[in-house]
Every structure is written in structure tokens, then in C-alpha cells.
Amino acid sequence: MANIKTALIIGGGIAGPVTALALRKAGIEATVHEAYPSSAQGVGGTLMVAPNGLDALRIIGADEAVRAIGLPITRMVMANGRGKSVGEFPGLPGMPPSLLIWRSELCRVLHRHAAAHGVSIEYGKRLIGIDQTATGITARFSDGSNASADVLIGADGIRSAVRMLIDPQAPGPQYTGLLGFGGRAMGSGAIGRPGAMHFVHGKHAFLGHWMEPDGSAMWFGNLPHPTPLTAAEARAVPAAQWLETLREVYRDDVPGGALLAHTSPEQLLVTGAGEILPPVPHWHRGRMVLVGDAAHAPSSSSGQGASLAMESAIQLARCLRDLPDVATAFLAYERLRRPRVEKVAADAARTNNRKASGPVAKAMFSLLMPIAMKTFFTPEKMFGSLHGYRIDWDDVVTA
């Protein structure tokens with residue numbers, strides 16, 4: 001059994017509290033240090049927690065709390081911009097549906113669950129440096145305080161400070177060529193089955209939509225754009241101006257045209273540049289290691305960012321629990337995780353290319369998808385190994 005008894009977790013988003021809970025289950029005391037003065041209340045759009053992510057949450061006892069705030073998605077419907085369905089994926093037999101959740105709500109629930117199980121979360125703790133020795137590591141924060149433990153875990157997202165401490169030459173996020181938007185449309189006439197997520201490859205841009213219990217339609221879109229804009233930069237543009245652009249882009253699409261026409265500036269959500277993290281050469285150094293988006297951040301097209309972070313948190317805790325030293329544990333963790341997360345990221349990158357493609361490529365997609373659905377794009381082949389991934393908590397990790 002490893003001699004790891006304490007851990008510092010940098011970052012209090014999704015990966016941070018899940019990692020802390022998993023470590024606590026493994027007998028390791030962990031404190032979460034979040035740079036911002038409060039949790040992510042009201043920040044971010046929606047995300048998907050897939051069956052594999054829910055199973056990871058089950059291990060730390062958080063799955064039911066998360067189910068209570070999610071909208072179950074029981075099928076995915078692919079369509080072209082003329083409103084014609086070109087493929088449909090029902091849920092896989094024996095697996096729960098994926099959940100559509102607001103990121104801020106997921107963070108709130110995970111923070112509350114972590115606190116209820118004895119995890120300390122400290123806010124206003126922006127990491128500025130570390131000191132490490134052969135026996136421990138100390139984090140230094142911008143408020144002048146510091147904290148020490150056996151290991152330090154970077155759960156601080158796609159712009160991870162810990163990643164740069166591990167490797168100053170590490171790659172940063174790359175722009176996907178797409179800006180993200182979303183909104184709520186009232187009275188648009190859009191039709192969707194309850195529990196269905198619709199993905200529409202329109203003439204000029206991609207759009208997804210689903211129906212809310214109150215009858216409104218929620219949508220999200222990816223707008224091809226030559227230059228990246230941060231969320232703050234994109235939100236500095238008046239919402240009415242963005243709506244004018246989006247309405248022109250989706251004007252001829254079904255139901256995109258109607259959805260945008262019935263979205264008010266007050267109901268427009270602007271998320272900024274879509275980003276993806278290239279393969280990170282070094283996940284760990286000394287007593288530091290990365291988890292979640294700090295190590296592997298596929299684009300939102302994967303629908304797996306949160307779920308992969310949850311899986312990695314559980315696997316890291318198992319490795320620190322079972323292996324005799326930090327170096328061996330970190331190597332085993334990377335061996336368990338890297339092939340899976342890099343495959344998901346590569347698949348998502350190909351999806352981004354389709355979203356950013358021109359009208360001819362989109363027309364070819366509409367023609368070929370029905371054929372593919374009858375041959376090799378079956379739900380089991382597409383999602384079986386992805387959604388069916390399960391971690392045996394009780395199985396002992398070996399070097």
C-alpha cells in the first residue's frame with residue numbers, strides 16, 4: 001500500500017471535488033484549493049454526463065444527487081438543414097441515459113456533496129508556485145498563504161497553472177475554429193420528442209436543440225469564425241449584434257431559422273471560442289500530477305469532457321491507494337488513462353472538422369449518414385466501449 005496520506009488539489013471545478021472524494025474513499029485526506037472567491041454559480045453553459053461518468057460518480061456516492069439536477073437524454077437524432085432526419089441513436093440497452101446539466105449546477109452539487117463528506121474547499125487560493133522535496137510538496141498562493149501535503153494534483157482546467165509547473169513547454173489549448181452560442185426559444189414551433197437531443201448539420205453551421213418540460217426549446221450552435229474570442233471578448237459584442245449574425249447564418253435551416261427568430265437578446269448565451277487540448281507530453285513530475293481538463297480536454301463535440309474527468313479522478317485515487325510510491329502510482333495512472341482519453345479527443349476533432357466544413361461537405365454528410373447508420377454506425381459500435389466503460393474500485397492496481 002502506498003504511503004500517500006495527504007493531497008493538495010488545485011482547482012474546484014468538476015475534477016477537483018470528484019478527485020477529493022475519491023481520495024477520501026481511498027483513505028487519503030485531500031483539500032481543494034480554488035482560485036476564485038466562490039464556486040462556479042451561474043458560470044458556463046450546459047454539458048453532458050454520460051453513463052460512464054455516472055458510473056464514476058456512483059463510486060463516490062454522488063450519482064443520485066447529480067441525477068436529480070439532470071435532464072435525461074434517451075436518444076440522439078441527426079438531421080440535415082432541411083429538417084430531414086438522417087440517423088437516430090437510441091440509448092444502449094442496460095445503460096442509463098446521459099444527463100444534460102448546467103455546469104454551474106453540477107459544480108454546486110459536487111461541492112455540496114464533497115463538503116457533506118468532510119472535504120475542505122478553500123476559495124481565493126490562486127497558485128503562484130511550489131516547493132517540493134523528496135518527502136513532500138508545498139503550494140504557495142497569491143494571498144501569501146501556503147499548504148503542504150504528500151502530493152499536489154492539478155485539477156485546474158484547460159489553462160492549468162500546474163501543467164506549466166510540470167512542463168513549461170507544455171501545449172496550451174487550441175482553437176477549434178468555432179465560437180459557441182446557445183439560447184432559449186419561446187413559441188418557435190420547433191418540435192422535438194421528450195428526451196431527444198437533435199443535432200442538425202445546417203447549410204452553414206451546426207446546431208443542436210432539445211425540448212424543455214415547459215415547452216420551450218433550448219439550442220446551442222457552433223459558428224465558424226476565423227479568429228478565437230474569449231468568452232469575455234465575445235460577450236463584449238452586443239447580444240443583438242450576435243443574434244443578427246446568427247439569424248443570417250441559420251436563416252434557411254430547419255428549425256434553426258425559427259429558433260433564432262424566437263430567441264431574444266436576453267436569452268442568448270455566449271460562450272466564446274471552442275477549445276481542445278492537444279496531447280500533453282508530461283502528465284506528472286515529482287509529486288505533481290494532472291487530472292481532468294488539465295491533462296486531457298476534448299472539445300465539447302465529444303460529450304465526454306466531464307465524464308472523462310470523473311473517470312480519471314477515480315483511477316488516480318486507486319493508483320495512489322494501491323501502489324508503493326508516487327512515481328509508480330503516477331506512471332500506472334497515465335498508463336490506464338492516456339490511450340482512452342486521446343482516442344476520444346481525436347474522434348471529437350474529426351467531429352469539429354465536419355461542423356466547420358462547407359456546404360458541399362455537409363450535403364455529402366446528409367447523403368452518406370443514412371447508409372452508414374445501416375452498416376457500421378450502429379449505437380453499439382459508436383458508443384458501446386465509450387459509454388460502457390466501468391471502473392472496478394475494489395480491483396487492486398498493479399505496476
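Since this is a predicted model, take the numbers as computed values, not measurements. Heads up: numbering here begins at 1 and tracks the sequence.
Here the straight-line distance linking atom CD1 of I73 with atom CG of L100 works out to 5.0 Å at 0.5 Å rounding. Atom CD1 of I28 is separated from atom CG of N3 by 10.5 Å, given to the nearest 0.5 angstrom. The line from CZ of R108 to CG of L110 is 10.0 Å long, rounded to the nearest 0.5 Å. For the atom pair CD of E244 and CD of E248, the computed distance is 8.5 Å after rounding to the nearest 0.5 Å. Taking SG from C319 and CZ from R321, the interatomic distance works out to 9.0 Å, rounded to the nearest 0.5 Å. Between the NE2 atom of H387 and the CG atom of D55 there is a distance of 12.5 Å, given to the nearest 0.5 Å.
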What pairs of donor and acceptor atoms, side-chain ones from residues 65-72 against any protein atom, are under 3.5 angstrom apart with sequence neighbours left out?
unit_1: R67; atom_1: NE; unit_2: E64; atom_2: OE2; d: 3.4

Validation: residues 19-26 side-chain donor-acceptor distances under 3.5 Å, sequence neighbours left out:
unit_1: T19; atom_1: OG1; unit_2: A15; atom_2: O; d: 2.7
unit_1: R24; atom_1: NE; unit_2: H117; atom_2: O; d: 2.6

Which donor-acceptor pairs under 3.5 Å do side chains of residues 143-152 form with protein atoms, sequence neighbours excluded?
unit_1: D143; atom_1: OD1; unit_2: S145; atom_2: N; d: 3.0
unit_1: D143; atom_1: OD1; unit_2: S145; atom_2: OG; d: 2.6
unit_1: D143; atom_1: OD2; unit_2: K125; atom_2: NZ; d: 2.8
unit_1: D143; atom_1: OD2; unit_2: S145; atom_2: OG; d: 3.4
unit_1: S145; atom_1: OG; unit_2: K125; atom_2: NZ; d: 2.8
unit_1: S148; atom_1: OG; unit_2: T138; atom_2: OG1; d: 2.6
unit_1: D150; atom_1: OD2; unit_2: K5; atom_2: N; d: 2.7
unit_1: D150; atom_1: OD2; unit_2: T6; atom_2: N; d: 3.0
unit_1: D150; atom_1: OD2; unit_2: T6; atom_2: OG1; d: 3.3

Sequence neighbours left out, cut at 3.5 Å: what donor-acceptor pairs do the side chains of residues 161-173 make with other protein atoms?
unit_1: R163; atom_1: NE; unit_2: P171; atom_2: O; d: 3.3
unit_1: R163; atom_1: NH1; unit_2: I158; atom_2: O; d: 3.2
unit_1: R163; atom_1: NH1; unit_2: A294; atom_2: O; d: 2.9
unit_1: R163; atom_1: NH2; unit_2: I158; atom_2: O; d: 2.5
unit_1: D167; atom_1: OD1; unit_2: Q169; atom_2: N; d: 2.9

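The cationic group of R126 lies under 6.0 Å from the six-membered ring centre of Y36 and within 45° of the ring axis, placing it in a cation-pi geometry.
Applying the ring pair (Phe, Tyr, Trp, His ring centres under 6.0 Å) criterion to W393, with sequence neighbours excluded, gives no partner residue. Listed by chain and residue number, H33 satisfy the ring pair (Phe, Tyr, Trp, His ring centres under 6.0 Å) test with F141 (two or more places apart in sequence, or in another chain). When the side-chain hydrogen bond (donor to acceptor under 3.5 Å, both in side chains) test is applied to S216, the partners found at least two apart in sequence or on another chain are R184, D214. Remark: W210 engages E212 in a side-chain hydrogen bond (donor to acceptor under 3.5 Å, both in side chains) (not counting sequence neighbours).
V200 and L178 fall into different hydrophobic clusters, where Ile, Leu, Val, Met, Phe, Trp and Tyr residues are linked whenever their side-chain heavy atoms come under 4.5 Å apart, directly or through other members. When hydrophobic clusters are built by joining Ile, Leu, Val, Met, Phe, Trp and Tyr residues whose side-chain heavy atoms come closer than 4.5 Å, directly or via intermediates, V86 is not grouped with V254. The cluster map of Ile, Leu, Val, Met, Phe, Trp and Tyr, joined by side-chain heavy atoms under 4.5 Å apart, puts V291 and V326 in the same cluster. V77 and L99 end up in different hydrophobic clusters when Ile, Leu, Val, Met, Phe, Trp and Tyr side chains are linked at under 4.5 Å. I153 and Y123 fall within a single hydrophobic cluster, where Ile, Leu, Val, Met, Phe, Trp and Tyr side chains are chained together by heavy-atom contacts under 4.5 Å.
Under the 4.5 Å side-chain criterion, counting only non-hydrogen atoms from C-beta, L127 is in contact with I130. Between L47 and S300, the closest side-chain pair of non-hydrogen atoms is not below 4.5 Å. Counting only heavy atoms from C-beta outward, the side chains of F330 and L323 never approach each other to under 4.5 Å. You'll find the side chain of I14 reaches within 4.5 Å of the side chain of L106, heavy atoms only. Between F89 and M78, the closest side-chain pair of non-hydrogen atoms falls below 4.5 Å. At a threshold of 4.5 Å between non-hydrogen side-chain atoms, the residues H284 and L331 count as touching. In this structure, the side chains of M48 and S302 stay at 4.5 Å or more apart for every pair of heavy atoms. No side-chain heavy atom of V32 sits less than 4.5 Å from a side-chain heavy atom of I10.
Closest approach of P97 to T74, counting heavy atoms only: CB-CG2, 4.2 Å. Taking all atoms of both residues into account, the shortest heavy-atom contact from A399 to T328 is CB-CG2, 3.6 Å. Looking at every heavy atom in both residues, R338 comes nearest to P281 through NH2-O, 3.3 Å. When all heavy atoms of P96 and L54 are compared, the closest pair comes out as CG-CD1, 4.4 Å. The shortest non-hydrogen separation linking G13 to R103 is CA-NH2, 4.1 Å. When all heavy atoms of A50 and S98 are compared, the closest pair comes out as CA-OG, 3.5 Å.
For the salt bridge (Lys or Arg N to Asp or Glu O under 4.0 Å) condition, the pairs that include at least one residue of residues 264-290, sequence neighbours left out, are R159-E275. Within the structure, side-chain hydrogen bond (donor to acceptor under 3.5 Å, both in side chains) contacts touching residues 303-316 (residues at least two apart or in different chains) are N52-Q304, N52-E311, H296-S312, E311-R337, E311-R340, S312-R337, Q315-R318, Q315-Y389.
A donor-acceptor pair is defined here as one N or O able to donate and one able to accept, closer than 3.5 Å; such a pair exists between the side chain of H113 and the backbone of I60. With hydrogens and angles disregarded, a donor-acceptor distance shorter than 3.5 Å links the side chain of D253 to the backbone of K203. At least one donor-acceptor pair under 3.5 Å links the side chain of E233 to the backbone N or O of T230. The closest donor-acceptor contact from the side chain of T271 to the backbone of G180 lies under 3.5 Å.
Think of M211 as one node in a network of Ile, Leu, Val, Met, Phe, Trp and Tyr side chains linked at under 4.5 Å; it has no links at all. Residue V270 is found in a hydrophobic cluster whose other members, listed by chain and number, are Y175, L179, F181, L207, W219, L223, L229, V237, W242, L243, L246, V249, Y250, L259, L260, L268; membership requires side-chain heavy atoms under 4.5 Å apart, directly or through intermediates.
Salt-bridge formation is detected for the pair D131/R140: a Lys NZ or Arg NE/NH1/NH2 atom is positioned less than 4.0 Å from an Asp or Glu carboxylate oxygen.
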Given side-chain contact (heavy atoms from CB on, under 4.5 Å), test I137 with M288 step by step and report yes or no. CA-CA 8 Å; I137 188 166; M288 295 183 289; 3.5 Å; yes
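Taking the six-membered ring where tryptophan is involved, the planes of H198 and H209 are essentially parallel, since the angle between them stays under 30° and well short of 60°. A tilted orientation is assigned to the rings of F220 and F206, their planes being inclined by 30° to 60°.
Under the side-chain contact (heavy atoms from CB on, under 4.5 Å) rule, V341 has a single partner from L308, V280, L277, which is L308.
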